Visitor: 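Below are the structure tokens for one structure; questions will follow.
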Number of protein chains: 2
Amino acid sequence: MSPGSKQPLPSRDEPPAAEDLEIIEPLCSVFRRKLKSEGLKYTPERAHILDSVIRFDGIFEVERLIEELRKGPLRVSKATVYRTIRLLQEAGIIQRVLFDQEQSHYQLVYGSKPSDLLIRVDTRQIIPIDVPELVAIRAALCERLGLEAKGHRFQVFAIGR
Amino acid sequence: MSPGSKQPLPSRDEPPAAEDLEIIEPLCSVFRRKLKSEGLKYTPERAHILDSVIRFDGIFEVERLIEELRKGPLRVSKATVYRTIRLLQEAGIIQRVLFDQEQSHYQLVYGSKPSDLLIRVDTRQIIPIDVPELVAIRAALCERLGLEAKGHRFQVFAIGR
DNA sequence: CTTGGTGCAAACATTTTGCAGCACA
DNA sequence: TGTGCTGCAAAATGTTTGCACCAAG
């Protein structure tokens with residue numbers, strides 16, 4: 001059910017790898033800026049949630065996020081998780097990704113990282129992919145219809161060979 | 001909320017257009033064959049639901065489908081609608097399509113009609129599009145990963161200009 | 001004090017299920 | 001007479017909301 005079928009997350013105690021630092025710092029700042037700009041606070045609960053989201057470093061379901069949070073020392077309620085997820089979306093840090101017949105999944109969006117996905121239907125593994133051609137394709141399509149493309153979603157379903 | 005924001009459906013009383021006949025007949029047969037193959041029955045309720053689905057000829061939400069059904073003389077319960085939708089999916093007649101923050105939508109799939117979509121986020125109109133290049137793109141992607149593409153989903157979000 | 005944040009439980013919306021009765025072979 | 005089908009209402013699921021209390025400026 002979950003992406004990658006429950007592979008262990010990097011532990012909270014390990015020092016983050018160098019490439020993670022590049023990610024964690026800006027994201028954290030983005031979130032704080034967003035909160036500050038609306039007179040909201042960067043609380044321990046919100047920090048904890050963002051931290052977990054980052055450690056997923058990919059796609060997660062709320063249920064699994066809550067499960068992870070429960071392992072930490074700080075108890076965070078479901079309500080707060082959902083409220084924070086909304087804030088993270090508004091801040092452009094995560095975005096919703098939908099698959100069939102399941103609960104919502106969310107995906108970290110670092111700046112303009114690719115949001116195209118390859119889903120292995122046999123293993124349920126989800127692999128982010130980058131398909132730069134899509135930008136031209138969608139622009140051409142919209143051009144023809146007198147519209148302006150604002151985004152897209154591309155998911156490929158595949159099986160091992 | 002609904003695709004195309006509640007444009008009227010073709011009435012049940014109008015004779016179907018020629019191109020609709022080409023669609024209705026095979027779909028009906030496909031469904032009957034599927035049912036028969038499992039020892040299930042083609043009941044008036046199921047026929048009525050398939051009929052309404054066909055008249056939508058595109059994308060619909062369950063709520064709207066139920067609303068349409070209520071206008072007919074035959075009362076069909078929500079439970080039966082959901083049960084029939086599952087059968088129609090199994091028969092490959094419709095498929096689920098998900099958008100953000102809404103209830104499930106379903107889409108007629110006549111054989112191999114395109115399932116790529118352009119969604120006008122300003123008017124919420126949904127326009128089916130055909131992007132043949134995607135087949136090659138997804139094949140190339142999977143080739144590189146040693147996988148086999150089995151399908152894809154492509155949705156473009158756009159606004160008027 | 002005032003503002004915002006939290007947890008809890010209740011509310012909600014959508015979809016699924018259990019069950020009693022119905023219809024047809 | 002058994003099998004499947006239906007409607008209804010209850011249950012289940014995922015998400016949101018109302019509320020009382022807490023915390024920081």
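None of the values given here were measured: they were computed from a predicted structure. Per chain, numbering begins at 1; letters A, B, ... match sequence-line order.
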Visitor: Would you kindly compare B/Lys41 and B/Val62 by the position of their nearest DNA chain C nucleotide and give the one closer to the 5′ end?
Guide: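 Mapping each residue to its closest nucleotide by heavy atoms, the 5'-most match is B/Val62.
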
Visitor: Phosphate oxygens OP1/OP2 of C/dT15: is one of them under 4.0 Å from a side-chain N or O of B/Tyr82?
Guide: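 Answer is yes, contact under 4.0 Å.
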
Visitor: In whole angstrom, what separates B/Arg96's CZ from C/dT16's P?
Guide: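 My rounded result for the distance is 7 Å.
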
Visitor: Compare every heavy atom of A/Cys142 with every heavy atom of B/Ala158, then report the nearest pair and how far apart it is.
Guide: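 Shortest heavy-atom separation between B/Ala158 and A/Cys142 comes out as CB-SG, 3.8 Å.
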
Visitor: Are A/Leu74 and A/Ile66 co-members of a hydrophobic cluster defined by side-chain heavy atoms under 4.5 Å apart?
Guide: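 Yes, A/Ile66 connects to A/Leu74 through the hydrophobic network.
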
Visitor: Any N or O donor-acceptor pair under 3.5 Å from the base of D/dG4 to the side chain of B/Arg83?
Guide: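 No, the side chain and the base share no sub-3.5 Å donor-acceptor pair.
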
Visitor: In whole angstroms, how far is the P atom of D/dG14 from the CG atom of A/Leu65?
Guide: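 Whole-Å distance recorded here is 15 Å.
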
Visitor: Using the salt bridge (Lys or Arg N to Asp or Glu O under 4.0 Å) rule, take A/Lys34 and A/Glu38 through it: C-alpha gap first, then chi angles, then the decisive distance, then the call.
Guide: CA-CA 7 Å; A/Lys34 185 253 175 350; A/Glu38 303 189 19; 2.5 Å; yes

Visitor: Using a cut-off of less than 4.0 Å, is there contact between a side-chain N or O of A/Ser104 and OP1 or OP2 of D/dT15?
Guide: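 Looking at the OP1 and OP2 atoms of D/dT15, one of them is under 4.0 Å from a side-chain N or O of A/Ser104.
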
Visitor: Without decimals, in angstroms, what is the distance between A/Ile49 CD1 and C/dG5 C1'?
Guide: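 Distance check: A/Ile49 CD1 to C/dG5 C1' gives 11 Å.
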
Visitor: Give one of base, sugar-phosphate or nothing for A/Arg75, where a contact means two heavy atoms less than 4.0 Å apart.
Guide: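 Sugar-phosphate only.
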
Visitor: Closest nucleotide of DNA chain C for A/Lys78 versus for A/Leu87: which of these residues is on the 5' side?
Guide: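 Final value for this comparison: A/Leu87.
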
Visitor: Of the candidate nucleotides C/dG4, C/dG7, D/dG7, which contains the atom at the shortest distance from the side chain of A/Thr80?
Guide: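 Taking heavy atoms from C-beta onward, the closest nucleotide is C/dG7.
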
Visitor: Mind checking if A/Arg46 touches a base, just sugar-phosphate, or nothing, with heavy atoms under 4.0 Å?
Guide: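 Sugar-phosphate: the residue A/Arg46, judged by heavy atoms under 4.0 Å, touches backbone atoms but no base.
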
Visitor: If every non-hydrogen atom of A/His152 is compared with every non-hydrogen atom of A/Leu134, which pair is closest and at what distance?
Guide: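 Smallest heavy-atom distance, with atoms named: NE2-CD1, 3.6 Å.
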
Visitor: Take the protein atom CD of B/Glu45 and the nucleotide atom C1' of D/dG4, then report the distance between them rounded to whole Å.
Guide: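 These atoms are roughly 12 Å apart.
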
Visitor: Nearest-Å distance, CD1 (B/Ile85) to P (D/dT6)?
Guide: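 In whole Å, D/dT6 P lies 13 Å from B/Ile85 CD1.
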
Visitor: From CD of B/Glu63 over to P of C/dT15, roughly how many Å is that when rounded to an integer?
Guide: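 Roughly 9 Å, once rounded to whole Å.
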
